[in-house]
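Right, one structure below, let's go through it.
A note on names: the letters A, B, ... follow the listed sequences, proteins ahead of strands, and every chain is numbered from 1.
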Amino acid sequence: MGKGEVKGKSRPAKKKIKKTFQEEDHLEKVVKQVVGIFKARQKNRKYAPKGMEQNKIRSIDKSEQNLQTELNRLKGSSRA
Amino acid sequence: MEISKNEYSNEFKKAVKMRDNSKFAHSIAILEDLAKTSWASKDLNFHLVSGGVYRSLNDHVQALKCFKKASILFPESELASLGLYLSYVKADKSEKAISELKRYLDKYPAKLYKDTLAELLDDFNSGYATNFKNTVLSLAKRNKVVL
């Protein structure tokens, strides 16, 4: 067996190992992402409004601010 | 009680000045007197200012009455509509609030209501106001409101 033949055989094996490690890394990342999404969904479900609460309007801060600002601008009567 | 246009105008300005100085009780006393005049019923600003002062006094029932009157007499007023919308929300009447929002936005474009629509879209993401999702999504789309 010549020198060149040994090299020729070992090269693909090294590449395969490297590729396997990369795949494992990628899989690990994907699993972490999936677990993260799952946990976030669980948290959302835990704090999500239930029953009648679901039909309520909750966020009005900016609307309130807009109303107050515009009302404060009114200085005189509009028709008189 | 009938007073001249000028007297009405001066008294109204006095009430606004009291409001600006955070003397809400004094302001509302003047406004309640003016409410008996014929000038007041025709005056959009009168209803709006009265609604605002009642809000400052945490009297949301009276505020609702003022904004409702303003919305009926001046359906094109976005400020009156927004005041009524918020009064309904405060009174825990979300369906009526959405009806008022829809009444206005079906006829007129959103200016002040743009922020309100954005807030409602935000509510959906947190699982609130889900009953009104379709109505609000179509109004938001028409008024180019995105979250």
Roughly how far, to the nearest 0.5 Å, is the [atom2] atom of [Y] from the [atom1] atom of [X]?
{"X": "B/Asp20", "Y": "A/Lys75", "atom1": "CG", "atom2": "NZ", "result": "3.5 Å"}
{"X": "A/Leu67", "Y": "B/Ser81", "atom1": "CG", "atom2": "OG", "result": "10.5 Å"}
{"X": "B/Leu112", "Y": "A/Asn66", "atom1": "CG", "atom2": "CG", "result": "5.5 Å"}
{"X": "A/Gln68", "Y": "B/Leu86", "atom1": "CD", "atom2": "CG", "result": "10.0 Å"}
{"X": "B/Ser56", "Y": "A/Asn72", "atom1": "OG", "atom2": "CG", "result": "7.5 Å"}

Among B/Val49, B/Thr130, B/Ile98, B/Val53, residue most engaged with chain A (heavy-atom pairs, under 4.5 Å): B/Thr130
With chain A, the option among B/Glu95, B/Lys90, B/Lys133 that has the most non-hydrogen atom pairs under 4.5 Å is B/Lys90
Please answer whether the main-chain N or O of A/Ile57 pairs with a side-chain N or O of B/Ser94 as donor and acceptor at a distance below 3.5 Å. yes
Side-chain donor/acceptor of B/Asn131 to backbone N/O of A/Asn55, under 3.5 Å: no
Quick one: do B/Tyr104 and B/Ile72 end up in the same hydrophobic cluster if we chain Ile, Leu, Val, Met, Phe, Trp and Tyr together by side-chain heavy atoms under 4.5 Å apart? no
Look at the side-chain heavy atoms of Ile, Leu, Val, Met, Phe, Trp and Tyr, link any pair under 4.5 Å apart, and say whether B/Leu34 and B/Leu57 land in one connected group. yes
Minimum heavy-atom separation for [X] and [Y], please, with both atom names.
{"X": "B/Leu79", "Y": "A/Glu70", "result": "CD1-CB, 3.4 Å"}
{"X": "B/Asp122", "Y": "A/Ser59", "result": "OD2-OG, 4.4 Å"}
{"X": "B/Asp92", "Y": "A/Lys56", "result": "OD1-CE, 3.4 Å"}

Which region of A/Gln65, side chain (C-beta onward) or backbone (N, CA, C, O), has a non-hydrogen atom less than 4.5 Å from a non-hydrogen atom of chain B, or is it both or neither? neither
Side chain, backbone, both or neither: which part of [X] has a heavy atom under 4.5 Å from chain A?
{"X": "B/Phe67", "value": "side chain"}
{"X": "B/Tyr113", "value": "neither"}
{"X": "B/Phe46", "value": "neither"}
{"X": "B/Leu120", "value": "side chain"}

Are B/Val16 and A/Leu74 side-chain neighbours, meaning at least one heavy-atom pair lies under 4.5 Å? no
Indicate yes or no: does A/Glu64 engage B/Arg55 in a salt bridge with an N to O separation below 4.0 Å. yes
NE2 of B/His26: more than 12 outside heavy atoms within 6.0 angstrom? no
